[in-house]
Amino acid sequence: MITKTAFDFCAFFVLAVCFFTGCRWKREYVFQRTILLCFIGLNMILAMMSILNQSILYFGWKFGENALAWLEVTKMVAYLCNAAMPTFFASYILCVAGIARARKKWFYNLFYTPFLFCTGLVLTNPIHHKLFHYVVNHDYYRGSWAGILFAMAVFYTGAGIYFLIRYQKAMERQRMIGMVGAICIAVLFAWIQFRYSYIRVELMGVTLACLALLLNVELNMNDIDTRSGCFNRRAFQAMARRNEIAKSKYFMVSVSFMNLIENTRHLDQDTETRLLQHLGRRFQRLNAALQIYYCTRGTFVLVLVNKEERHLTRLIQDLTEMFASEQYEFEDLKVPVSVEICQARVPEDLNTMYQINEFSEFHVNDANDANGHFRVYDATVLHKVKRDNDVELALRRALEERTLEVVIQPIIDLKSGNIVAGEALTRIHDPNLGTIFPGEFIPLVEGTNQIVRLGEYVLEEVCKLLQNEAMDNVSYVEINLAPYQLIQTDLAKSFIEIMERYGINPKRINLEITETVASDDMKNYEYTLQELRKAGFTFSLDDFGTGYSNLARLFHMEFRNIKIDKSLLWDSMENEISRNFLESMIQTIHHMNAKIIQEGVETREQLEYVTEQGIDLVQGYIFSKPLSIPDFLRKWGKS
Ligand code: C2E
Ligand code: MG
Ligand code: MG
């Protein structure tokens, strides 16, 4: 008896160890692991039944009359386990491939019908005895319907293998190896038992297969972020891949802690780790179906697969409540938090792997956002931020590779009809993004070193242009200066150096300026202006009539030109208040030494109007759009 059940004994002990170890592990893939643990449990029962069955046969006389009944019961339980095992196995593969949640109810109803049918057959066996029966001398006979159970096992194992092949791309290598290894071991041992029926190793084979699954699929520490105890980036990518293959819809909510991202250290390392673990647990309590990822410092990504919109709404509500106070209470501490939440629906909002990955690291980081310490955004801001980043990179590249184009728009003297000057404007021609206009990229780099580099670049290109004799009929070129450039104390020096390098007189450059600057920077600003003026540069006031330039500036500083913004002209053509304002401004400026440039003259009507008003110079599409340098020289240069 001992030799007959030796393998079953071993199997039982190994299974017990697997079961209890598996139970103790931190449960990340809760549902999936529960199925595997059930599978192991079924095998334990099977081993127990097998041992019991053998014992009854061996010590049959001790059971007396009941021995037959006991044999039947143990066999029946063993049959039940045998019917359930392949079903659990196929379900487990569905889970590992990440498609379990993607399936509809009818699929499961259909999928589990054979199992339910077979379970019914086993339970009713004492009545019909078509599966097996024992005769009085304890001999065991297989019934004529036993083949049905066998067919069911083949069906579920086949289905499992089919899922494995169909969704292989959704599984990581190690998991795949674990699964295939497990199947191979089980099949090999089953074959041994079939071939040499006296070696009872089939159960041992399944046990080893369980061990392989546990070690390769479940004990996957590579998926865990050691700090927060949540899933890491690797697991995040695997999740995205699985859902893409299974065509699952899901919600993602990123929760960014700006204090951690900006590294304003309120917490020591140890406390931060405890806080992250605490947050991970707290998020999990909000919804058991949440998958929680911690991919980059300070940002959690919460994922809800195949849930309804109301679950997302609820989650956002819960998070809002959780961070209602500016101080997050944790242990005995009150931690100041600044939280940004961004929600996205996949695949509606984000439909490429690239975008999904971007999202996991995404935060708007808008310090000016008026919504205080808790802000909720939609995925659309991701696209905007993404575009901004791309544009900024494109500008950086264009400056480095010197592909940024400087275009020139002529400025015409209305009295003579001749060209007097040109305004230098810029265009990025990016291989991926196409042509980008300054209205988009200038605001992105305002206040950064990029705008300083851009200014020097434009000045150099204009100097090169001015070296051309065909430019002799163009008195000067206007260049736009951003306020940030003017508070750089070394700007004048670098501009003068460029002029000397190209041998151009600064009188041929007219710098367009707009806003004033904050009073803190006023000293530097005044200094730079003075130095530039001393060197011979002159100035225009740009965008006059918009909020960016004010009247006080007019009297404060000497300008070569005042440029009236196109919006003021366009408004004046339509409404009287603007027209009165424009006309009184023209009067005022005429009393000063400056000339007036009207920008944005597009139509005959506008041209007639500005001529009537005594405007000196005009810049607008009616004469020419900004032109590439070769085109400008051809059309407007001295022939
Ligand atoms: P801005 O200095 O007011 O330049 C005039 C803008 O009006 C140019 O737009 C020009 O193409 C446009 N414009 C001129 N005439 C017409 C017209 O008749 N109709 C219409 N619809 N538009 C007209 P652009 O080139 O897109 O530049 C936009 C702004 O970007 C400029 O406004 C300027 O503030 C800024 N910018 C351009 N290049 C530079 C640069 O190199 N440095 C700095 N700091 N700013 C620049
Ligand atoms: Mg301008
Ligand atoms: Mg302007």
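Whatever order the structure lists ligands and atoms in, that order sets their numbers, starting from 1. What you see is a predicted model, and the numbers here were worked out from it, not measured in a lab.
Ranking the protein heavy atoms by distance from atom 8 (C) of ligand 1 puts Leu425 CD1, 3.8 Å first. Gln409 OE1, 3.0 Å is the protein heavy atom nearest to atom 14 (C) of ligand 1. The nearest protein atom to atom 11 (O) of ligand 1, hydrogens excluded, is given as Pro626 CG, 3.4 Å; this is a heavy-atom distance. Annotation: atom 18 (O) of ligand 1 to nearest protein heavy atom, Tyr621 N, 2.8 Å. Among protein heavy atoms, atom 39 (C) of ligand 1 sits closest to Thr426 OG1, 3.6 Å. Looking only at heavy atoms of the protein, atom 25 (O) of ligand 1 is closest to Arg427 NH1, 2.9 Å. The nearest protein atom to atom 36 (N) of ligand 1, hydrogens excluded, is given as Pro438 CB, 3.9 Å; this is a heavy-atom distance.
Aromatic ring centroids of Phe539 and Phe559 lie 6.0 Å or more apart. In this structure, Phe236 has its ring center no closer than 6.0 Å to that of Phe359.
Residue Glu599: no N/O/S atom is found under 2.8 Å from the Mg ion (ligand 2). At a cut-off of 2.8 Å, Glu512 does not coordinate the Mg ion (ligand 3) through any N, O or S atom. Here Glu478 fails the criterion, with no N, O or S atom under 2.8 Å of the Mg ion (ligand 2). Note on Asp543: counted as a metal contact of the Mg ion (ligand 3), an N/O/S atom lying under 2.8 Å. Checking Asn480 against the Mg ion (ligand 2), an N/O/S atom falls under the 2.8 Å cut-off.
Under a 4.0 Å N-O distance rule, the pair Arg397/Glu400 does not qualify as a salt bridge. A salt bridge is defined here as a Lys NZ or Arg NE, NH1 or NH2 lying under 4.0 Å from an Asp or Glu carboxylate O, and Arg560 with Glu478 fails to meet this definition. With salt bridges taken as basic N to acidic carboxylate O contacts below 4.0 Å, none links Glu244 and Lys169. Look at Glu440 and Arg387 and you find a salt bridge, because one of the NZ, NE, NH1 or NH2 atoms lies within 4.0 Å of a carboxylate O, short of that distance. Lys493 and Glu497 are not joined by a salt bridge, as no carboxylate oxygen comes within less than 4.0 angstrom of a charged side-chain nitrogen.
Counting heavy atoms of neighbouring residues, nucleotides and ligands inside a 6.0 Å radius, atom NZ of Lys249 does not exceed 12 of them. Taking a 6.0 Å sphere around CZ of Arg604, one finds it holds 12 or fewer heavy atoms contributed by other residues, nucleotides or ligands.
Contact annotation: for Glu423 versus ligand 1, heavy atoms closer than 4.0 Å belong to the side chain alone. Counting heavy atoms under 4.0 Å from ligand 1, residue Asp542 touches it through the side chain alone. Residue contacts with ligand 1, taken as heavy atom pairs separated by less than 4.0 Å, do not involve Asp565 at all. For Ile442, every heavy-atom contact with ligand 1 shorter than 4.0 Å involves the side chain, none the backbone. By the criterion of a heavy-atom distance under 4.0 Å, neither the backbone nor the side chain of Lys625 is placed next to ligand 1.
Where the criterion is an N or O separation shorter than 3.5 Å, residue side chain and backbone included, Glu602 meets it with respect to ligand 1. Between Asp543 and ligand 1, an N or O atom pair is found at a separation short of 3.5 Å.
Among Val407, Asn480, Val406, Ile479, the residue whose heavy atom lies nearest to atom 43 (C) of ligand 1 is Asn480. With atom 12 (C) of ligand 1 as the reference point, the heavy atom nearest to it among Glu599, Gln598, Lys566, Gln485 is part of Lys566.
Ligand 1 places these atoms under 4.0 Å from at least one heavy atom of Leu454: 40 (C), 41 (O), 42 (N). Atoms of ligand 1 found under 4.0 Å from any heavy atom of Val458 (numbered from 1 in listed order, with element): 41 (O). Here is the list of ligand 1 atoms found below 4.0 Å of a heavy atom in Gly620: 15 (N), 18 (O).
In this structure, Tyr457 falls outside the shell of residues with a heavy atom less than 4.0 angstrom from ligand 1. Using a 4.0 Å cutoff on heavy atoms, Glu478 does not count as a contact of ligand 1.
Of the residues Ile629, Leu627, Leu425, Val474, the one that meets the side chain to side chain contact (heavy atoms under 4.5 Å, CB included) test with Ile408 is Ile629. Just one of Lys566, Gln598, Lys563 meets the side chain to side chain donor-acceptor pair (under 3.5 Å) condition when paired with Gln619; it is Lys563.
Of all the heavy atoms in Ser338 and Arg375, the pair that sits closest is OG-NH2, 3.4 Å. Of all heavy-atom pairs between Thr299 and Ser254, the closest is CG2-CB, 4.2 Å.
Using a 4.5 Å cut-off on side-chain heavy atoms (C-beta onward), Asn580 and Ile577 make no contact.
Under the 4.0 angstrom criterion, atom 32 (O) of ligand 1 counts as lacking any protein heavy-atom contact.
Between the side chain of Gln467 and the backbone N or O of Tyr502, at least one donor-acceptor pair lies under 3.5 Å.
The Mg ion (ligand 2) lies closest to atom OE2 when only the N/O/S atoms of Glu423 are considered. Taking the Mg ion (ligand 2) as reference, Asp542 places its N/O/S atom OD2 nearest.
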Apply salt bridge (Lys or Arg N to Asp or Glu O under 4.0 Å) to Arg453 and Glu456, showing your working.
CA-CA 5 Å; Arg453 287 189 57 199; Glu456 288 168 359; over 6 Å; no
Start with the C-alpha distance between Tyr476 and Lys507, add both sets of side-chain angles, then the distance that settles side-chain contact (heavy atoms from CB on, under 4.5 Å), and finish with yes or no.
CA-CA 7 Å; Tyr476 56 92; Lys507 286 211 161 49; over 6 Å; no
